[in-house]
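Side-chain atoms are counted along with the backbone in the values below, which use heavy atoms only and exclude waters and symmetry mates.
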Amino acid sequence: MAKNSNTREPFIRISKRTDVSLKTGIIVRVIAILIALVVCGIVTKVFTGDDPISIFKTIVHGAFGQGRLLVTVHEIAILLCVSLAVTPAFRMRFWNIGAEGQVLMGALTTAMCMFYLGGKIPDGLLILIMTIAAITSAAIWGLIPAFFKAHWGTNETLFTLMMNYVVIQLIEYFLKIADKSGSNVVGPNLLSHGWFPQIFHTNYLLNILIVAVITVALHIYLKYSKHGYEILVVGESENTAKYIGINVKKVIMRTMALSGAICGVAGLLLVGGSSHSIDSNLADGRGFTAIMVSWLAKFNPITMILTSLLIVFLQRGAGEVSSKFGLNADFSEILTGIILFFIIGCEFFINYKIHFRSSSKAVKEGK
């Protein structure tokens, strides 16, 4: 059928960009962050009356001020570890929203080993048992929804999300058993054995080094291994994967076990390596923040180092602003939300182009 010559072009239409260079993408993101900081400065000035320059200095000081650099780097490492964990599943288009619970499961089994075995066996052996328990338990916790998805096509988003709440209740039960005082935290006084060795008199460096090794290993695994190729193919099309002989069910379960195992490492590092305590808020939302970190980095483990740095910098800086100016603690979340809104929003303009109907065509149409 011939195209109707009177058909009008839409006033606005959107097309996908295919020619955006790395340099252009970086420039757009930097501009978005700068605009976001300006907006944060305006919002904070309304509430505090202080000048924006002072506010920006406070944000930088909150993340990299004296005595805070190593803590910030450690926070980046833990967030990066959880982000690495969700990445293999996301590349496979398996939407694992249960990283929070998988981290907590690794933390719970670590704490249980420290509580029940601490002082009864040498610390070196205890650390080995803690490591095996944390990785295995979190891998199984990730494998459960994968098994149901692979065999019965269940919704992995809801399944993994609900399992987060199950782990929280398990931790609450452990807290009541371990600490008869009714405290909401089991601290270093009860978990006094199985601490990771310090490097240069700090608990953080070993954690950072472990995450660095995992980052490099996962990058190699996803980019150069046969398993990484299978994950990519399954993510693109399960039918294609089946056609070329890939066992899709096996790939789904293996990949989620890997995701859970890395989350278990994060829980192990939090309890055995740094805090030496456990409570139901130990993961502190990192399982959900990691989704954004992974997505912004386009599921690239190396790029995730930068996105993790950006998110932690913004969170710690916003928290410092809230604290210094005596604002409600939730105000830091408002600032973080503003900044993330601009960062996520700029991705649209990087990936898509907006076209407006040209005036010349409008004239031809009699407008």
Side-chain angles (χ1 to χ4, degrees), residues 14-36 75-100 156-157 160 211-238 240-241 251-252 255-256 258-259 262-263 266 285-315 336-337 339-354:
I14 299 171
S15 63
K16 189 170 179 64
R17 295 180 186 271
T18 57
D19 56 348
V20 179
S21 65
L22 178 62
K23 180 180 177 181
T24 301
I26 292 173
I27 292 174
V28 172
R29 292 182 178 95
V30 170
I31 292 173
I33 293 172
L34 293 176
I35 296 174
E75 287 294 315
I76 293 169
I78 297 298
L79 178 59
L80 174 61
C81 186
V82 184
S83 303
L84 293 169
V86 301
T87 296
F90 283 179
R91 285 172 68 99
M92 189 177 61
R93 299 297 188 269
F94 186 104
W95 308 117
N96 178 20
I97 314 299
E100 189 91 352
E156 72 273 17
T157 303
T160 53
V211 174
V213 171
I214 293 174
T215 303
V216 175
L218 187 66
H219 176 71
I220 295 172
Y221 175 83
L222 292 176
K223 190 168 184 179
Y224 299 106
S225 72
K226 178 186 175 184
H227 289 182
Y229 170 74
E230 290 177 343
I231 289 171
L232 191 61
V233 174
V234 172
E236 291 293 333
S237 170
E238 288 191 12
T240 301
V251 172
I252 290 174
T255 303
M256 269 303 292
L258 174 63
S259 288
I262 299 175
C263 282
R286 292 184 182 92
F288 301 108
T289 307
I291 296 171
M292 182 167 50
V293 170
S294 181
W295 179 77
L296 287 174
K298 308 297 185 190
F299 310 135
N300 185 318
I302 303 303
T303 310
M304 272 179 234
I305 299 172
L306 299 177
T307 53
S308 298
L309 186 154
L310 175 63
I311 298 298
V312 172
F313 167 72
L314 296 176
Q315 289 178 335
T336 303
I339 296 169
L340 293 179
F341 175 81
F342 278 90
I343 293 175
I344 295 172
C346 79
E347 294 296 318
F348 173 83
F349 296 99
I350 292 173
N351 294 306
Y352 297 93
K353 184 186 298 184
I354 299 177

Checklist entry - Do the ring planes of H219 and Y224 sit parallel (below 30°), tilted (30 to 60°) or perpendicular (above 60°)? => result perpendicular
Item to check | Closest non-hydrogen atom pair between R29 and C346, with its separation | outcome: CG-SG, 3.9 Å
Item to check | Nearest heavy atoms of V251 and T255, plus distance in Å | outcome: O-OG1, 2.7 Å
Next on the checklist: If I compare all heavy atoms of E100 with all of R286, which pair ends up nearest, and what's the gap?
Outcome noted: OE1-N, 3.3 Å
Checklist entry - Atom OG in S83, atom CD1 in I305: separation rounded to 0.5 Å? => result 11.0 Å
Item to check | Straight-line distance of L314 CG to I343 CD1, nearest 0.5 Å | outcome: 5.5 Å
Checklist entry - Roughly how far apart are T289 OG1 and I311 CD1, rounded to 0.5 Å? => result 7.5 Å
Checklist outcome for this item: All heavy atoms of P301 vs all of L222, minimum pair found to be CG-CD1, 4.1 Å
Item to check | Side chain T307, main chain M304, donor-acceptor under 3.5 Å | outcome: yes
Item to check | Test log, rule side chain to side chain contact (heavy atoms under 4.5 Å, CB included), inputs C81 and I262 | outcome: CA-CA 7 Å; C81 186; I262 299 175; 4.0 Å; yes
Checklist entry - If you round to the nearest 0.5 Å, how far is CG of L84 from CG of L79? => result 9.5 Å
Checklist entry - Do Y221 and L258 come close enough that some side-chain heavy atom pair is under 4.5 Å? => result yes
Checklist entry - When rounded to the nearest 0.5 angstrom, what is the spacing between CD in E238 and CE in M92? => result 8.5 Å
Checklist entry - So, E156 side chain and N96 main chain: donor-acceptor pair closer than 3.5 Å or not? => result no
Counting only pairs under 3.5 Å, give me each side-chain donor-acceptor contact of residues 291-298, with atom names and distances, residues two or more places apart or in other chains.
unit_1 : atom_1 : unit_2 : atom_2 : d
S294   : OG     : T87    : OG1    : 3.0
K298   : NZ     : E347   : OE1    : 3.3

Checklist entry - So how far is it from L340 CG to I33 CD1, rounded to the nearest 0.5 Å? => result 10.0 Å
Checklist outcome for this item: Tightest non-hydrogen contact, residues I231 and P88, listed as CG2-O, 3.4 Å
Checklist outcome for this item: Tightest non-hydrogen contact, residues W95 and T160, listed as O-OG1, 3.8 Å
